[in-house]
Enquirer: 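Shown below is the structure under consideration.
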Amino acid sequence: MKIQKNILLKDYTTFKIGGAAEFFAEVNNTIELQEVLQWAGDNNKQIFVLGGGSNLLVSDDGIKGLVIKLNLNDLEIEGNKVRVGSGVSLTYLLNETLENDLVGLDFVTGIPGTVGGAIRGNAGTYGQDMSRVVKTIKYIDDQYKVVEISADKAKFAYRHSMFKESKYIIVEAGLELKHGNVEEVRKLIKERLAYRHETQPHRPSAGCIFKNVKFEDVDIKDLEKRHLDLSRFANHKKIPVGYLIEEAGLKGHTIGDAQISEKHGNYIINKSNATAEQVIMLISFIKQQIRDKYGIQLIEEVQIII
Ligand SMILES: Cc1cc2nc3c(=O)[nH]c(=O)nc-3n(C[C@H](O)[C@H](O)[C@H](O)COP(=O)(O)OP(=O)(O)OC[C@H]3O[C@@H](n4cnc5c(N)ncnc54)[C@H](O)[C@@H]3O)c2cc1C
């Protein structure tokens, strides 16, 4: 067990923002994970688990306690069943499953996280998410024991699971996919990547800052009176926050080196040396503007670690 000190977290987040972890450990299997958890317990240290760091805004002051980077990278494929470690990147998983003639994961195209982070936040696109494919989840509970549950117990909802309500650490998942037309899916993936390339910024970010707004949570008629054209979002019954930010004229607004992307309103980019403080100020500015203009209270999708 190797516990390091003062490791800069900006190197572990896609935002390239964040101060140092007081203590830092990388674990390669469940036993090592249990050992470092025991160490944290014995030394009264808080723990924070890092996946791909693609949904995080880490404070400029860093994180107190022990940050654990999960390198749980096992992957086994048998028939249409997949067992995958929580540290495996979604892109690698997608490619390996396609190599095995399995389809059903195309919706993770372009999501830069790991399996663990994606299950915790029920990540997805195009109206599909992890809950569609995950069948079982293995995690470490607060007594450091390994528990396996069936996915229907995981409280999956839009960008939500039971892991957002607990400190449990996902170590492995069981997925069920389908044998299908892999060439067709590869074509779809290529198109989606090209679309992302065209519509999303190529600068460090944490993806979408806010959750899209469900139709059921707002007064659609009132919003249409405010000159929003919402009929085109009727399919998924969610208003993309990027659209609201664009309509409010906020794209390009900058605080320090943090900028609301000119390409996609729901992205904040780090132009070079943005601080977490600058991003937080920009987030507050957007929330206040959208509340004033449309009466909508935006909710962060990005996790802010202060
Ligand atoms: C360019 C870009 C595009 C993106 N596009 C999308 C998109 O289309 N759809 C979408 O849903 N998201 C998108 N995201 C956001 C992000 O990639 C997802 O939320 C992803 O699932 C986060 O996974 P991660 O491994 O990076 O988690 P991290 O950012 O490392 O962690 C996020 C949270 O999960 C916890 N966590 C991580 N691993 C585990 C584990 N094993 N057990 C328990 N908790 C864990 C962490 O403690 C933290 O609380 C995008 C991000 C970027 C930068």
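Every number for a ligand or one of its atoms is a count from 1 in the order of the listing. Basis for what follows: all heavy atoms, side chains included, without hydrogens, waters or symmetry-related copies.
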Enquirer: Any chain of hydrophobic side-chain contacts (each under 4.5 Å) joining Ile269 to Ile209?
Expert: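 No; Ile209 is not reachable from Ile269 via cluster members.
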
Enquirer: According to a hydrophobic-cluster definition based on side-chain heavy atoms being under 4.5 Å apart (Ile, Leu, Val, Met, Phe, Trp, Tyr only), do Trp39 and Ile7 belong together?
Expert: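 No; Ile7 is not reachable from Trp39 via cluster members.
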
Enquirer: Ignoring hydrogens and angles, tell me if any N or O in the side chain of Asn71 forms a donor-acceptor pair with the backbone of Asn28 under 3.5 Å.
Expert: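 Judged by distance alone, no pair lies under 3.5 Å.
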
Enquirer: Any non-hydrogen atom of Lys164 lying under 4.0 Å from ligand 1?
Expert: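 Heavy atoms of Lys164 never come under 4.0 Å of ligand 1.
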
Enquirer: Going by the order shown, which atoms of ligand 1 are within less than 4.0 Å of some heavy atom of Gly117?
Expert: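 The atoms of ligand 1 under 4.0 Å from a heavy atom of Gly117 are 21 (O), 23 (O), 24 (P), 25 (O), 27 (O), 37 (C), 38 (N), 39 (C).
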
Enquirer: Among Leu50, Val302, Leu9, which residue meets the side-chain contact (heavy atoms from CB on, under 4.5 Å) test with Leu56?
Expert: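 Result: among Leu50, Val302, Leu9, Leu50 is the only option passing the side-chain contact (heavy atoms from CB on, under 4.5 Å) with Leu56.
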
Enquirer: For ligand 1, which atoms sit closer than 4.0 Å to a heavy atom of Pro112?
Expert: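 It comes down to these atoms of ligand 1: 2 (C), 3 (C), 4 (C), 17 (O), 50 (C), 51 (C), 52 (C), 53 (C).
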
Enquirer: What residue and atom, counting heavy atoms only, is the protein's closest point to atom 42 (N) of ligand 1, and at what distance?
Expert: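 Checking every protein heavy atom, the shortest distance to atom 42 (N) of ligand 1 gives Ile170 N, 2.9 Å.
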
Enquirer: Counting heavy atoms only, name the option from Ser89, Gly53, Ala123, Ala118 that's nearest to atom 28 (P) of ligand 1.
Expert: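 Among Ser89, Gly53, Ala123, Ala118, the closest heavy atom to atom 28 (P) of ligand 1 belongs to Gly53.
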
Enquirer: I'd like to know if Gly124 contacts ligand 1, where contact means a heavy-atom distance under 4.0 Å to any ligand atom.
Expert: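 Gly124 counts as a contact of ligand 1 under the 4.0 Å cut-off.
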
Enquirer: Which atoms of ligand 1 have any heavy atom of Ser86 under 4.0 Å away?
Expert: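 Matching atoms, with element in brackets: 41 (N).
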
Enquirer: Please list, in number order, the atoms of ligand 1 under 4.0 Å from a heavy atom of Tyr168.
Expert: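 With Tyr168 as reference, the close atoms of ligand 1 come out as 43 (C).
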
Enquirer: Please work out, at 4.0 Å between heavy atoms, whether the side chain, the backbone, both, or neither of Thr14 comes within that distance of ligand 1.
Expert: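 The answer is the side chain.
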
Enquirer: Under 3.5 Å, is there a donor-acceptor pair between the side chain of Asn270 and the main chain of Phe15?
Expert: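 Yes, Asn270 side chain to Phe15 backbone: donor-acceptor pair under 3.5 Å.
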
Enquirer: Between His202 (side chain) and His197 (backbone), is there a donor-acceptor pair under 3.5 Å?
Expert: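 Flag set: sc His202 to bb His197 pair under 3.5 Å.
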
Enquirer: Counting distance only, does the side-chain N/O of Asn122 pair as donor-acceptor with the main-chain N or O of Ala157 below 3.5 Å?
Expert: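 Yes.
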
Enquirer: For ligand 1, note which part of Ser54 has a heavy atom under 4.0 Å away: side chain, backbone, both or neither.
Expert: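 It is both parts that get close, each with some atom under 4.0 Å.
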
Enquirer: Where does Leu90 meet ligand 1, judged by heavy-atom distances below 4.0 Å: at the side chain, the backbone, both, or neither?
Expert: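 For Leu90, no heavy atom sits under 4.0 Å from ligand 1.
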
Enquirer: Which protein heavy atom lies closest to atom 49 (O) of ligand 1, and at what distance to 0.1 Å?
Expert: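 Sorting protein heavy atoms by distance from atom 49 (O) of ligand 1 puts Gln303 OE1, 2.3 Å first.
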
Enquirer: Determine, for Tyr267 and Arg203, whether the Lys NZ or Arg CZ falls below 6.0 Å from the six-membered ring centre while staying within 45 degrees of the axis.
Expert: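 Output no; distance or angle outside limits.
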
Enquirer: Out of all atoms in ligand 1, which are within 4.0 Å of some heavy atom of Gly113? Include the element for each.
Expert: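 Counting from 1, the qualifying ligand atoms are 17 (O), 23 (O), 24 (P), 25 (O), 26 (O).
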
Enquirer: Classify the contact between Lys167 and ligand 1 as side chain, backbone, both or neither, using a heavy-atom distance cut-off of under 4.0 Å.
Expert: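 Contact part for Lys167 vs ligand 1: neither.
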
Enquirer: Does Thr125 approach ligand 1 within less than 4.0 angstrom via side chain, backbone, both or neither, non-hydrogen atoms only?
Expert: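 The side chain, only.
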
Enquirer: Would you please name every residue forming a salt bridge (Lys or Arg N to Asp or Glu O under 4.0 Å) with Asp142, sequence neighbours left out?
Expert: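 Checked Asp142 against salt bridge (Lys or Arg N to Asp or Glu O under 4.0 Å); zero matches.
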
Enquirer: Mind telling me whether Phe285 and His253 have parallel, tilted or perpendicular rings, with 30° and 60° as the class edges?
Expert: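 Parallel, since the angle between the ring planes stays under 30°.
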
Enquirer: For ligand 1, which atoms have a heavy atom of Ser205 less than 4.0 angstrom away?
Expert: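 Close to Ser205: 53 (C).
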
Enquirer: Heavy-atom pairs closer than 4.0 Å: do any link ligand 1 to the side chain of Phe48, the backbone, both, or neither?
Expert: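 Side chain only.
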
Enquirer: Please test Phe215 against Phe233 for ring pair (Phe, Tyr, Trp, His ring centres under 6.0 Å), starting from the C-alpha separation and ending with a verdict.
Expert: CA-CA 9 Å; Phe215 271 29; Phe233 308 124; 7.5 Å; no

Enquirer: Decide whether the shortest distance between a heavy atom of Phe15 and an atom of ligand 1 is less than 4.0 Å.
Expert: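 Heavy atoms of Phe15 never come under 4.0 Å of ligand 1.
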
Enquirer: Among Asn55, Ile209, Ile111, Leu56, which one has a heavy atom closest to atom 6 (C) of ligand 1?
Expert: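 The residue whose heavy atom sits nearest atom 6 (C) of ligand 1 is Ile111.
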
Enquirer: Indicate, as side chain, backbone, both or neither, the part of Ala206 found under 4.0 angstrom from ligand 1 when only non-hydrogen atoms are considered.
Expert: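 Backbone only; the side chain of Ala206 stays clear of ligand 1.
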
Enquirer: Looking at Phe48, I'd like to know if the NZ or CZ of Lys167 sits under 6.0 Å from its six-membered ring centre while staying within 45 degrees of the ring's axis.
Expert: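 The answer is no; the distance or angle limit is not met.
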
Enquirer: Return yes if some donor-acceptor pair links the side-chain N/O of Asn266 with the main-chain N/O of Val241 below 3.5 Å, else return no.
Expert: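 Side chain of Asn266 to backbone of Val241: no pair is present.
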
Enquirer: I need the minimum non-hydrogen distance between Leu223 and Tyr294, along with the two atoms involved.
Expert: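 So the two residues come closest at CD2-O, 3.5 Å.
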
Enquirer: For Leu70, take its heavy atoms, then give the atoms of ligand 1 lying under 4.0 Å from any of them.
Expert: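 The list of qualifying atoms is 40 (C), 41 (N).
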
Enquirer: Quick one: look at Tyr158 and ligand 1, take heavy-atom pairs under 4.0 Å, and tell me if it's side chain, backbone, both or neither.
Expert: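 The answer is neither; Tyr158 stays 4.0 Å or more away.
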
Enquirer: Tell me whether Tyr139 reaches ligand 1 (any heavy atom closer than 4.0 angstrom to a ligand atom).
Expert: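 For ligand 1, residue contact (heavy atoms, under 4.0 Å) with Tyr139 is absent.
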
